[in-house]
Each structure stands twice: as structure tokens, then as C-alpha cells.
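Worksheet for the structure shown next.
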Number of protein chains: 2
Amino acid sequence: MITKPTNTGTDKVAYLAARDEFIAQWGALGSAWGINRTMAQIHALLMITPRPLSTDDIMADLQISRGNAHTNLRELTGWGLIRSVIRKGERKEYFEAEKDVWKIFCIVTRERKRREIRPAIGVLKDCIERTETLRDPDAAVFTKQTRALLEFVEMADSILSKIARSEQSKVVPWALKWLK
Amino acid sequence: MITKPTNTGTDKVAYLAARDEFIAQWGALGSAWGINRTMAQIHALLMITPRPLSTDDIMADLQISRGNAHTNLRELTGWGLIRSVIRKGERKEYFEAEKDVWKIFCIVTRERKRREIRPAIGVLKDCIERTETLRDPDAAVFTKQTRALLEFVEMADSILSKIARSEQSKVVPWALKWLK
DNA sequence: ACATTCTTTCAGTGTTTTCTGAAACTTCAG
DNA sequence: CTGAAGTTTCAGAAAACACTGAAAGAATGT
């Protein structure tokens with residue numbers, strides 16, 4: 001005899017299916033933006049789980065090895081997207097994610113600025129410095145183009161800094177108004 | 001006897017060194033953002049070269065195979081970042097890049113919206129739809145969190161659309177003013 | 001000191017992504 | 001129609017990247 005599932009039983013199944021879909025897609029999205037798939041999936045899992053999870057919980061849920069889970073949890077901690085939680089009386093380490101979407105945005109912005117935008121600015125400045133006094137006509141075009149890029153990237157950088165330093169409560173109403 | 005290099009000779013050497021550095025770093029930056037290294041390098045090369053280049057020119061310059069050059073040139077064309085130029089009387093196809101930094105930004109924004117943001121919005125909507133009526137408490141948390149994400153992504157999408165539709169001449173002065 | 005529990009590391013392996021090069025195809029001039 | 005010039009495709013090779021699992025290292029309690 002087949003047991004008739006309870007309502008909460010079917011709910012759980014539907015929920016878990018949607019949840020898995022979300023985790024999988026979030027992982028794929030991460031990939032497209034240069035973020036390791038597993039890292040994005042762990043992040044997704046922690047974002048939508050209302051309680052801290054241990055390394056073993058995550059290994060079991062995503063079907064990944066301890067080493068993989070460990071490395072990516074550290075990486076996420078490095079970004080500041082998750083933090084570890086120690087429960088008193090327990091030796092195991094648990095992890096919980098920052099859940100506020102605005103804060104997540106600010107963290108990612110700050111980190112990408114630090115990791116990629118700043119170094120790019122350095123390279124551009126270096127290229128300009130090394131070529132701006134040269135007489136070669138191709139060099140002149142090169143300098144001009146890298147200058148334009150530098151100017152743009154520096155402006156984008158400033159604007160992002162400003163936004164990421166603002167409160168969501170100030171930016172969102174402003175954005176809504178501006179969008180009309 | 002070692003030939004003393006002419007001024008323009010040393011200039012060329014310095015320029016080529018800076019140029020190679022730029023191309024290499026632009027490639028690395030592309031990688032970090034989920035863009036194929038070669039595609040980014042070809043883009044860099046075309047951006048800073050004041051004349052259209054043929055597939056063979058690019059193969060020689062970046063030391064890559066015909067297939068690789070071809071594929072990535074098509075991909076860049078697909079993004080709208082470069083266009084092919086046919087010189088009359090010649091059968092070979094040449095390529096030139098969009099050089100206006102603001103236009104490049106708009107193109108990349110539009111394409112990433114289309115390729116990644118819109119599908120992400122689809123996934124989020126689907127997850128919400130499938131879980132919003134469930135009674136399970138974890139499902140409720142899940143729906144709430146995905147709703148928050150959806151709201152944020154949709155707002156970001158609108159703002160980017162608006163910016164990418166604007167003229168640089170309108171946005172830049174506004175940004176400068178706003179930054180003070 | 002020792003056992004237990006948990007974390008960290010990393011060499012080896014597996015997977016995914018990208019690249020090569022040669023063959024097939026297209027286009028065009030003669 | 002034929003051959004030369006150029007383009008496209010794609011199977012297999014190479015490179016980059018990610019993952020596993022087991023061993024070593026910490027931390028804690030007894």
C-alpha cells in the first residue's frame with residue numbers, strides 16, 4: 001500500500017525541487033560571472049537556509065567532498081559573504097550567510113573593486129606612463145585609448161564606491177524616483 | 001657591431017611592450033569576469049589598433065590558430081563589439097572595434113542583461129511562483145528571500161537599462177556632479 | 001597523555017573549457 | 001568549369017580549473 005502523502009509532505013517536495021533549481025541556477029550564473037560554481041551554490045544554499053549549517057550539512061546537501069566544501073567556505077568567508085558561527089558546547093563550526101540583498105551587493109561591489117578594478121586602473125596608468133612621451137603614431141593612439149579607458153573605469157569606480165557606501169534606504173527611493 | 005637603435009626604433013619597442021602588457025592584462029581581466037581570455041585579448045588588440053586587422057594579422061599578433069581567431073572574432077561580432085570591414089578589391093575580411101568607451105559599456109551592459117540578468121529573473125520568478133502558496137516554514141523563508149533578490153535584480157536591471165539608453169554627454173556631467 | 005572530534009592541506013584525478021589544425025566549404029575571377 | 005583565396009567547422013589535443021579523499025594538524029575534554 002502506498003502511503004498517501006500529507007500536505008506538508010507534498011509541500012516539502014515542491015519546496016525542495018524549487019530550492020534545488022535555485023541553487024543549480026545560481027551556480028550557473030556564478031560561472032558566467034567568473035565565480036566558481038560550487039562557491040556560488042554554497043552561497044545560494046546558505047542564503048536561503050534560515051539556520052546556520054555545518055560543513056557536513058553542506059557536503060550532504062550539495063553532494064560534495066569535504067575538501068571542496070572547506071575551500072569554498074573559506075573563500076566565501078574571505079569575500080565576507082558568510083561568517084562562521086560557534087555554538088557553545090559544540091566544537092563544530094557552522095556557517096550563515098549575509099541575507100540582506102543590499103549588503104550582499106555592497107560586499108560584492110567592494111570586493112570586485114579591490115580585486116579587479118583597482119589592479120586594472122594600475123595597469124592602465126602604467127601603460128599610459130610608459131607610452132605618453134613616445135613619438136610613434138601608433139603609440140599615440142594607444143595612449144589616447146588607454147586614457148579614455150582609465151577615465152571611464154575611474155569614474156565607474158567612484159560611482160560604485162559612492163553607491164556601496166550609501167544606505168539602501170537612501171538609494172532605493174532615489175532610484176525609484178529617477179526611473180520614472 | 002651592434003647597431004645603435006634609432007629613436008623611433010626604441011619608441012616602437014617601448015610601445016609594443018606596453019601594448020602587450022595591456023593585451024595580456026585585459027585578457028586576464030576578461031577571464032575574471034567570465035569572458036574567454038582570447039576573446040578579450042582580440043578585443044583589446046582591435047581597440048588600440050587604429051586600422052582594421054585581418055584574421056591573419058590577429059593570428060600572427062596573438063600567436064593563435066586560425067580556428068581560435070575565427071571563433072572569437074565571430075563571438076565578438078555577436079556581442080556587437082567589433083564589425084567586419086570589406087575593402088573594395090580585396091576578398092579578405094578585416095575587423096575593427098568600437099572604440100568609444102561609453103558605447104562599449106552600453107553594448108556590454110545590454111548583452112549581459114540579455115544573456116544573464118533576464119534568465120536570472122525568469123528563474124527567480126519561477127521559484128517564487130512554485131513556492132509562494134506552500135505551508136512549509138522553510139519554503140516561506142525561501143520565497144521571501146527569492147522575492148528580495150528578484151526585487152533587487154529587477155531594479156538593477158531597470159537602472160542599467162536607463163543608463164545604457166542615455167547619452168554619455170548626459171550621464172557623465174550628472175555623475176561628476178553627483179560625486180562631489 | 002591520550003582519545004576524540006573537527007579542520008586543513010594537497011597530490012592525484014576528473015571535468016570543463018579552450019585551442020589547434022586540417023578538411024570541407026564558399027566565393028569569385030578568369 | 002577550375003583554381004586560388006578566403007572562411008567555416010569540428011574532432012581530437014591541450015590547458016585550465018575544480019574536486020576528491022586521505023593523511024596530517026589543531027583543539028578540546030577526560
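Convention: sequence-line order gives letters A, B, ...; per-chain numbering from 1.
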Nucleotide N/O of nucleotides 13-18 of chain D paired with protein N/O under 3.5 Å:
none

Whether B/K12 and A/D136 form a salt bridge (side-chain N of Lys/Arg under 4.0 Å from carboxylate O of Asp/Glu) is what I want to check.
yes
Crowded around [X] [atom1]? As in, over 12 foreign heavy atoms under 6.0 Å?
X	atom1	value
A/E151	CD	no
B/K144	NZ	no
B/E90	CD	yes

[X], nearest nucleotide to its side chain (from [options]):
X	options	result
B/R74	D/dT7, C/dT8, C/dT20	D/dT7
B/K92	C/dT20, D/dG21, D/dG6	D/dG6
A/E93	C/dG21, D/dT7, C/dT7	C/dT7
B/R66	C/dT8, D/dC19, D/dT8	D/dT8

Length of the [atom1]-[atom2] vector between [X] and [N], whole Å:
X	N	atom1	atom2	result
B/I86	D/dG6	CD1	P	12 Å
B/F95	D/dG6	CZ	C1'	11 Å
B/H70	C/dA24	NE2	C1'	13 Å
B/R87	D/dG6	CZ	P	12 Å
A/E75	C/dT8	CD	P	14 Å
A/Y94	C/dT7	OH	C1'	14 Å

Selection: residues 46-61 of chain A, any non-hydrogen atom under 4.0 Å of DNA chain C:
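DNA chain C contact set from residues 46-61 of chain A: none.
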Dump the pairs, protein N or O against N or O of nucleotides 26-30 of chain C, anything under 3.5 Å, distances to one decimal.
unit_1, atom_1, unit_2, atom_2, d
C/dT27, O2, B/R91, NH2, 2.4

Classify the side-chain pair A/N68/A/S65 by whether it contains a donor and acceptor separated by less than 3.5 Å.
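No, because no side-chain N or O of A/N68 sits under 3.5 Å from a partner of the opposite role on A/S65.
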Looking at A/W79, I'd like to know if the NZ or CZ of A/R110 sits under 6.0 Å from its six-membered ring centre while staying within 45 degrees of the ring's axis.
no
Given DNA chain D, 5'-ward residue of the pair B/E90 and A/Q63, judged by closest heavy atom
B/E90
Taking salt bridge (charged side-chain N to carboxylate O under 4.0 Å, His left out) as the test, write out the residues that go with B/K99, two or more places apart.
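Applying salt bridge (charged side-chain N to carboxylate O under 4.0 Å, His left out) to B/K99 gives none.
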Are any non-hydrogen side-chain atoms of A/K92 and A/I86 less than 4.5 angstrom apart?
no
Can you find a pair of side-chain heavy atoms, one from B/D61 and one from B/R19, that are under 4.5 Å apart?
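Yes - at least one pair of side-chain heavy atoms lies under 4.5 Å apart.
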Got a sec, which hydrophobics cluster with A/V85, joining ILVMFWY side chains under 4.5 Å apart, including via others?
A/Y94
Partners passing side-chain contact (heavy atoms from CB on, under 4.5 Å) against A/A69 (at least two apart in sequence or in another chain):
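With sequence neighbours excluded, A/A69 shows a side-chain contact (heavy atoms from CB on, under 4.5 Å) to A/T55, A/M59, A/I64, given in chain and number order.
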